[in-house]
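Only heavy atoms go into these numbers, but all of them, side chains included; no hydrogens, no water, no symmetry mates. Here the structure is a predicted model, which is why all the values come from computation and not from measurement. Numbering of residues begins at 1 and proceeds along the displayed sequence.
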Amino acid sequence: DATAGDNIWSVTLDLVPDGGANTWEWGFNDLTGTWVPKNNTQFTVVDASPVTTTYEIKTGVDEFAQNAMKVYPNPTSGVINISGIDTKAVEIFNMYGAKVLSVDAKSNAIDVSGLSNGAYLVKAIDTNGEIKIGMFNKK
C-alpha cells in the first residue's frame, strides 16, 4: 500500500500478448479458494497495449464492524464462543491452511480442546451462506 491508510493496492502483471486467446482473471480468495467478495476481474491481452482493471475491496472500519465476528475467549484451552453471526457451520484451519475441525454448528460454542496448542483461523458460515473469518489461540 504505497499510500498508508488509503486502502488502495496496486498490482502489476506482465503478460505476453496472445491475441486475446486466453482469458485471465484475478482477485482475492478465501481459505477455500472462493473469490472474495464473490467475484473476480477477468480480462484478455490482445496486443502490447496496457490493460487496466480496477478491483476494490472496502476495508474501512465501518465495513469491518458490520461484518465483525467475535471469537472468545482468546486464548482458550477448551471451548470457543462465536458471536456476531447466526452460525450454520464452522471450519477451523491451522496456520498451514489445513482444515483441522469441521462442525455443523447448532450452537455458537465449539469444543477445541482436542486441538494442539497454536494459532487457528475460524471460518464461520451463517444461515444465509455468508462467510466470516476469525482467529483464536489454543493454549
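Residues Met69 and Ala124 come closest through the heavy atom pair SD-CB, 3.4 Å. Contact record, Asn81 with Ala109: OD1-CB, 3.6 Å, taken as the closest heavy-atom pair. The shortest non-hydrogen separation linking Ile125 to Ile85 is C-CD1, 4.2 Å. Closest approach of Asp111 to Leu101, counting heavy atoms only: O-CD2, 3.8 Å. Taking each heavy atom of Tyr120 and Lys138 in turn, the nearest pair found is CE1-CB, 3.8 Å. Contact between Met95 and Ala119 at its shortest, heavy atoms only, is CG-O, 3.5 Å.
Taking NZ of Lys132 as the start and OG1 of Thr87 as the end, the distance is 9.0 Å to the nearest 0.5 Å. A distance of 9.0 Å separates CD of Glu91 from CD1 of Ile133, quoted to the nearest 0.5 Å. Summarising the geometry, atom CD1 belonging to Ile92 is positioned 4.0 Å from atom CD1 belonging to Ile80; distances are rounded to the nearest 0.5 Å. To the nearest 0.5 angstrom, Thr76 atom OG1 is 10.0 Å from Leu115 atom CG. Annotation: the span from Lys88 atom NZ to Asp104 atom CG amounts to 8.5 Å, rounded to 0.5 Å.
Between Ile131 and Lys123, some side-chain heavy-atom pair lies under the 4.5 Å cut-off.
Panel note: side chain Asp86, backbone Asp126; no donor-acceptor pair is recorded below 3.5 Å.
If you chain together hydrophobic residues whose side chains sit under 4.5 Å apart, Val79 and Val90 never meet in one group. Residues Tyr72 and Val122 are members of separate hydrophobic clusters, defined by side-chain heavy-atom contacts under 4.5 angstrom among Ile, Leu, Val, Met, Phe, Trp and Tyr.
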